[in-house]
Amino acid sequence: MSDDSTWGKVYGRGPGESTGDDSTWGKAYARGPGESTGDDSTWGKAYARGPLLLGVRHHGPGSARAVRAALEAARPDVVLIEGPPEADPLIPLAADPEMRPPVALLAHAVDEPGRSAFWPLAEFSPEWVAIRWAVEQGVPARFVDLPATHTLAWDPGTDAPHGTDAGGDTAAGTGGQEEPGAEEVSGPAEESGPERDLRVDPLAVLAETAGHDDPERWWEDVVEHRGPGPRDPFAPFTALEEAMTALRERYGAAGRPRDLVREAHMRLKVRAARKEFGDAVAVVCGAWHVPALRERTTVTADRALLKGLPKVKTDLTWVPWTHRRLARSSGYGAGIDSPGWYGHLFRARDRPVERWLTRVAGLLREEDRIVSSAHVIEAVRLAETLAAMRGRPLPGLSETTEAVRAVMCDGSDVPLALVHDRLVVGDVLGEVPRAAPAVPLQRDLAREQRRLRLRPEALERELELDLRGETDAGRSRLLHRLRLLGVDWGEPARSRGSTGTFRETWRLRWEPELSVRVAEAGVWGTTVLAAATARAEADATAARSLADVTALAEHCLLAGLPDALPVVMRVLADRAALDTDVGRLAQALPALVRSLRYGDVRGTDTGALAGVAAGLAERIFVGLPPACAALDTDAAEEMRGHVDAVHGAVGLLAGTPTGAPGTGQADLRARWRSVLRTLALRDTVPGVVRGRAVRLLLDDGGLGPEEAARLMGLVLSAGTPPADAAAWIEGFVGGGGGMLLVHDDRLLTLVDAWLTGVPAEAFTDVLPLLRRTFSAYEPAVRRTLGELVRRGPDDPAVPASRTVGTPGFAAEPDAGRADAVLPVLRLLLGPDPDEEDGRARRMTEAVSLVGVGG
């Protein structure tokens, strides 16, 4: 052999001659026994053209398997991966047993945590596979993309690296060859044309060239479903590089100068790695960048592109990610439509279709659908038949979905939507080890989650809390504190079966963006309690309206922030003293009064709120009648809502010791009834408010049925314009007033007589208002009212209770019906031998009071 042959280089050395670690001889024996280093060897093919460039599609299971096969064959000395270089110290955490993908690298500006970016990785992401291979083999792994310090600092108004808000998500890459780089805020609208189309999806160009109309299906057929092949693990990457080279020759950088800068930085990193490790360098990056990395440029030219880039101080860490967040439907442009399906393809080494349809059948059986083994067998046959008819190497998601719809779902899309949500997309939530860097607030939150046994989950779930227990009370305080900090992990929901203040219901779902919100909230403190207290005090000082301050006071009580209450109460007292708008005062009072109820359950001292609430109520009593004069229709409707809110608040406030002289329970109720009577009798007050005042007085016992009927008769007389009368009716019987008409025949007769007497030319004007009023009733109430009107007051089938005695009640209790209720009441009240007679008497009175005889 010639002196320059590999054999000569190896065996031309004599005894004692040095063979440094970077020599060819050292590399030959570093590969293991039996592995050749000749030009025709697998290793030689890998680096024949320089570094091994593995162009991939991010989050592709076929690409991930091909990357692992190529790395196993090439055995590089270093693996370079597209990603922020500042994350190099975080790579060893990938080997931690607690690290479970999907996860993401989170970069955020230290001084502005809301400016952030994510680099998501799933178990089937080629980059994750490369990282795992490197740490398992003890091979150095490094990130080579543009540093996050530049990415977050670049102006978002230009096509350049820039910081992102966690809520905005547009691919950092180019269309189908999505970059794993940061999710980014959408920039300004760009020009149309072929270059713009290429930015959207370069795979569409390749698929169209190959004669396919669906780029996703084409990519799955040629890459995801085929794999690298047993003989040449580099063939898929060679073919993809040729295709991307042709596209780059035709379209250049596709109008993205940002890519040119990123690629210049990657080339510099590749040069540095080759200088340090030799030729055995493997690079895993988006296939779109491969031609640019293969391009021969000068170091000076690449450094010139990077000169003068803006910088911002950044922190990086790992955060949990979700399959749902990987889906394109979530807004992440570098995502995929079906992460659950791709994850299944990556894990299923054999018979993926059979295993997938078995999982689908299991899910449907859990939802009580009748699905047997025969359904699975038939669905597999149908999916394979569809794939053969369409010329596909393996049934894809479309074929399996059609088979599931036809065989397991009886042609219905309803159960199919469940399959798509639970399996095709999935609710997998990754986990990050405790050793990962985190802001102090994040660590305190993690401690609280463990202490309260409140684990973050990607799947939305309802959590019922009983605030009388310490654990549930602590959970409630934590969730309310996080909401104050803008970390909306939980959303309050309506409790089922109970309206007491001791019970709360929450809907919980952990989203990856919440990690950014926690980092942002870290500026307020190092613990959740301290941060929520500081945020509440700052919000109180900056609040613009009285209602905002009262709502904040309520939140402070719910969140258990006693240190923040003095500041909030001082601001509340100042704002309440200066605000003269009755509408704003009426908006503020209900939240303030609701807060008074929380002291009993949560053990919070609400004495400071009571005096402010009583003073606020007094100011409303004085200012409400003048504020209700001369209102237009919209303002009158809004004022009716204020009257309802104040009525409910007074009812709660009257049952709470206010601690203020002259504001006892009876006095508050009496003063409010006086205000309602003024509103009910004043002609300048809009009809909807007057009607509502009469109704509230009637319900509260401040007005007798005879007087209410007289007032209605006056309003519904011929001298009142029909529009005003209809507004009065809406205020009186709107909002659940249907049962009042059902049980009071006189009021129903008055309404019926008025309606039949409305002139034809005016009826069309009042019809929308009446329809809105009566459409709010329950269907059963509307049917009952219609039946009563149809029968009329003289019909013999009408019960005597409608024409004799008190409306809605019989003259005497029905003893038989009362006796039937007594056993139930005895069970509720419990036996008491010492007071057996008195208890029975009270039960009889209770039965008669609820009207069982009517």
Side-chain angles (χ1 to χ4, degrees), residues 581-583 585-587 589 617 620-651 669-741 744 746-755 757-758 762 765-774 776-777 807:
D581 189 296
V582 174
L585 296 176
Q587 285 179 320
L589 182 62
I620 293 173
F621 295 166
V622 173
L624 190 59
C628 290
L631 299 177
D632 59 19
T633 302
D634 294 337
E637 187 64 32
E638 182 180 359
M639 188 58 72
R640 184 185 72 161
H642 293 332
V643 170
D644 282 340
V646 173
H647 183 76
V650 169
R669 287 187 180 276
R671 294 209 55 187
W672 176 240
R673 288 177 181 174
S674 176
V675 173
L676 289 177
R677 184 172 292 275
T678 301
L679 295 177
L681 301 178
R682 185 169 293 181
D683 293 338
T684 57
V685 175
V688 67
V689 178
R690 284 187 287 130
R692 198 60 183 169
V694 173
R695 170 66 188 281
L696 294 177
L697 285 170
L698 180 63
D699 290 345
D700 205 34
L703 195 68
E706 296 288 345
E707 180 67 11
R710 186 185 70 82
L711 293 175
M712 178 181 282
L714 291 175
V715 170
L716 300 183
S717 63
T720 305
D724 293 345
W728 196 98
I729 289 294
E730 182 186 18
F732 185 78
V733 299
M739 293 302 296
L740 182 65
L741 296 179
D744 195 323
R746 289 175 302 174
L747 298 181
L748 179 60
T749 302
L750 287 171
V751 174
D752 185 30
W754 171 75
L755 276 174
V758 174
D765 295 333
V766 301
L767 181 60
L769 189 60
L770 295 173
R771 178 175 293 174
R772 182 177 66 186
T773 301
F774 291 101
Y777 296 169

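Residue numbers start at 1 and run along the sequence shown.
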K.L.:
Give me the atom names and distance for the closest heavy-atom approach of Arg682 to Pro625.
P.N.:
NH1-CB, 3.6 Å
K.L.:
Can a donor-acceptor pair be found, under 3.5 Å and without considering hydrogens, that links the side chain of Arg677 to the backbone of Gly702?
P.N.:
yes
K.L.:
How close do Arg640 and Val688 get, heavy atom to heavy atom, and via which atoms?
P.N.:
CD-CG2, 3.5 Å
K.L.:
Does the side chain of Met639 reach to within under 4.5 Å of the side chain of Leu624, using non-hydrogen atoms?
P.N.:
yes
K.L.:
Do Arg669 and Asp700 have side chains that get closer than 4.5 Å, going by heavy atoms?
P.N.:
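A side-chain contact exists here, since the closest heavy-atom pair is under 4.5 Å.
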K.L.:
Between Val689 and Ala636, which heavy-atom pair has the shortest distance, and what is it?
P.N.:
CG2-O, 3.8 Å
K.L.:
Roughly how far apart are Leu679 CG and Arg692 CZ, rounded to 0.5 Å?
P.N.:
13.0 Å
K.L.:
Looking at every non-hydrogen atom in both residues, tell me the closest pair between Leu631 and Pro686 and how far apart they are.
P.N.:
CB-CG, 3.8 Å
K.L.:
Please determine whether side chain to side chain contact (heavy atoms under 4.5 Å, CB included) holds for the pair Leu696 and Val643, giving the CA-CA distance in whole Å, both sets of side-chain angles, and the decisive distance to 0.1 Å.
P.N.:
CA-CA 9 Å; Leu696 294 177; Val643 170; 3.7 Å; yes
K.L.:
Taking only residues two or more places apart in sequence or in another chain, which ones pass side chain to side chain contact (heavy atoms under 4.5 Å, CB included) with Ala645?
P.N.:
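With neighbours one apart ignored, the set is Pro590.
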K.L.:
Arg710: which residues meet the side chain to side chain contact (heavy atoms under 4.5 Å, CB included) condition with it, sequence neighbours left out?
P.N.:
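Only Glu707, Leu714 meet the side chain to side chain contact (heavy atoms under 4.5 Å, CB included) criterion with Arg710.
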K.L.:
How long is the straight-line distance from CZ of Arg695 back to CG of Asp644, given to the nearest 0.5 Å?
P.N.:
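Between atom CG of Asp644 and atom CZ of Arg695 there are 9.5 Å.
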K.L.:
By side chain to side chain contact (heavy atoms under 4.5 Å, CB included), which residues pair with Asp632, not counting sequence neighbours?
P.N.:
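Residues passing side chain to side chain contact (heavy atoms under 4.5 Å, CB included) with Asp632: Asp634, Ala635.
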